[in-house]
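Have a look at the structure below before the remarks.
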Amino acid sequence: MPELPEVEVVRRGLATHLVGRTFVRISVLDARSLRRQVGGSDDFVSRLTGRRVVDIKRRGKYMWWVLDDDSTVVVHLGMSGQVLVNDGAPHHRHARIIGELDSGTSVVFADQRLFGGLFLDDSNPPSAISHIALDPLDPLFDDSALVERMRNKDVSVKRCLLDQALISGIGNIYADEALWRARLHFEKPAARISRAKMIELMGHARDVMTEALDQGGTSFDALYVNVEGESGYFARELNAYGREGQPCGRCGTAIRRASFMNRSSFFCPRCQRKS
DNA sequence: TTATGTTCCTGCATGC
DNA sequence: TGCATGCAGGAACATA
């Protein structure tokens with residue numbers, strides 16, 4: 001599932017193919033990937049055709065392509081979105097939007113489960129994602145300020161980590177990994193965690209995502225790949241996520257899986273106690 | 001205002 | 001073999 005490291009891998013890979021290039025033709029194969037485009041697919045096509053890309057930015061799991069009129073194409077990969085570059089090979093089975101560039105290369109947005117999508121925004125950075133907080137890899141990210149906000153919430157620590165308005169870029173995988181490293185139970189109330197422990201947790205979140213980025217992201221299957229269609233290697237480094245029944249790397253206790261917020265949480269029942 | 005629940009969506013695994 | 005069901009989960013939106 002694409003979280004911050006995976007989106008950053010895509011952003012970096014895309015930059016070499018997209019920046020400085022002009023869209024000469026846009027094909028909409030499935031308008032559901034333009035669900036958030038206010039004027040619909042016709043508006044998307046007419047406004048993007050002929051525009052040149054001058055930069056690619058990212059905040060959390062959102063990426064946006066800055067155009068030469070300072071408008072932006074906002075891209076979110078959702079659960080299964082991919083942005084691939086294609087120089088003539090047959091298009092991906094789940095290709096939804098195809099942008100042909102003046103270089104002859106195509107940029108393909110593919111998405112199996114249709115939770116992701118693209119839309120145009122008039123401003124840079126996009127006003128539509130103004131509610132998204134800075135991510136831990138942003139130089140302006142303020143650990144102390146975030147910790148204060150989290151400790152004033154009447155929710156669990158994992159719910160805080162997944163709240164993109166508090167801290168962006170973290171999804172289910174890296175939340176579980178950061179909590180495992182910090183020895184914190186996912187349901188522990190944020191208000192009952194000390195400032196020092198919270199600061200430590202932020203450090204682990206930053207570390208685990210940096211390490212994942214260095215290894216090209218986390219891939220469990222073909223749902224996450226870079227722009228060349230290649231998988232990342234961080235899945236083999238995971239200590240908690242997806243390891244139900246396997247021994248904890250610290251104490252050997254079997255990792256457990258629990259249902260939380262309509263998704264799975266993986267944790268060590270010995271290292272990560274609720275109280 | 002804040003916290004929680006629902007919905008969107010497809011492909012794979014599983015059970016009958 | 002074929003069908004039904006459960007599951008995966010990010011985030012906007014609805015509801016309490």
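Residue numbering restarts at 1 for every chain, and letters A, B, ... go by the order of the sequence lines.
The separation between A/Met79 atom CE and B/dC12 atom P is 13 Å, rounded to whole Å. Taking atom CZ of A/Arg59 as the reference point, atom C1' of C/dG10 lies 17 Å away to the nearest angstrom. Atom CG in A/Asp111 sits about 14 Å away from atom C1' in C/dA8, given to the nearest Å. For the pair A/Leu34 CG and B/dC9 P, the computed distance is 14 Å after rounding to whole Å. Separating the CD1 atom of A/Ile132 from the P atom of C/dG10 is a distance of 13 Å, rounded to the nearest angstrom. Following rounding to the nearest Å, A/Glu6 (CD) and C/dG10 (P) show an atom-to-atom distance of 11 Å. A straight line from CG of A/Asp163 to C1' of B/dT1 spans 14 Å, rounded to a whole angstrom. Rounded to an integer number of Å, the gap from A/Ile167 CD1 to C/dG10 C1' is 16 Å.
In this model, the phosphate group of B/dG11 is not approached by any side-chain N or O of A/Gln112 to a distance below 4.0 Å at OP1 or OP2. Contact between the side-chain N/O atoms of A/Arg159 and the OP1/OP2 oxygens of B/dT4 is found at a separation under 4.0 Å. A/Asn172 has a side-chain polar atom (N or O) that falls below the 4.0 Å cut-off from OP1 or OP2 of C/dG9. Between A/Lys153 and B/dT2, a side-chain N or O to OP1/OP2 separation shorter than 4.0 Å is absent. Taking only side-chain nitrogens and oxygens, A/His94 comes nearer than 4.0 Å to OP1 or OP2 of B/dG11. Contact annotation: A/Arg32 side-chain N/O to B/dT10 OP1/OP2 distance is under 4.0 Å. For the pair A/Arg36 and C/dA12, the criterion of a side-chain N or O lying under 4.0 Å from OP1 or OP2 is met. Taking side-chain N and O atoms only, A/Ser80 has no distance below 4.0 Å to OP1 or OP2 of B/dT10. Side-chain N/O atoms of A/Tyr174 include none lying less than 4.0 angstrom from OP1 or OP2 on C/dG10. Contact annotation: A/Arg257 side-chain N/O to C/dA8 OP1/OP2 distance is under 4.0 Å. Between C/dG10 and A/Arg263, a contact under 4.0 Å exists linking OP1 or OP2 to a side-chain N or O. Contact check, A/His76 against C/dA11: a side-chain N or O comes under 4.0 Å of OP1 or OP2.
Residue ring and base: A/Phe115 counts as stacked with C/dG10 (centre distance below 5.5 Å, interplanar angle below 30°).
Checked for salt-bridge contact, A/Arg59 and A/Asp135 miss the test: no charged N lies under 4.0 Å from a carboxylate O. Taking the charged nitrogens against the carboxylate oxygens, A/Arg159 and A/Glu187 have no contact shorter than 4.0 Å, which rules out a salt bridge. Between A/Arg149 and A/Asp142 no salt bridge is recorded (no basic side-chain N to carboxylate O distance below 4.0 Å). For A/Asp176 and A/Lys158, the salt-bridge test passes: some basic side-chain N is under 4.0 Å from an acidic carboxylate O.
Residue contacts for A/Phe260: at a heavy-atom cut-off of 4.0 Å it reaches no nucleic acid atom on any strand shown. A/Asn262 comes within 4.0 angstrom of a nucleotide base, judged by non-hydrogen atoms across all strands.
The side chain to side chain donor-acceptor pair (under 3.5 Å) with A/Arg47 is formed by just one residue from the set A/Asp122, A/Asp42, A/Asp69; it is A/Asp122.
For A/Leu114, the side-chain atoms get nearest to B/dT10 when compared with the rest of B/dT10, B/dC12, B/dA3.
Aromatic ring pairs are classed by plane angle as parallel below 30°, tilted from 30° to 60° and perpendicular above 60°; the pair A/Phe186 and A/Phe260 is perpendicular.
With a cut-off of 3.5 Å on both Watson-Crick or G-U wobble distances, the partner of B/dG11 is given as C/dC7.
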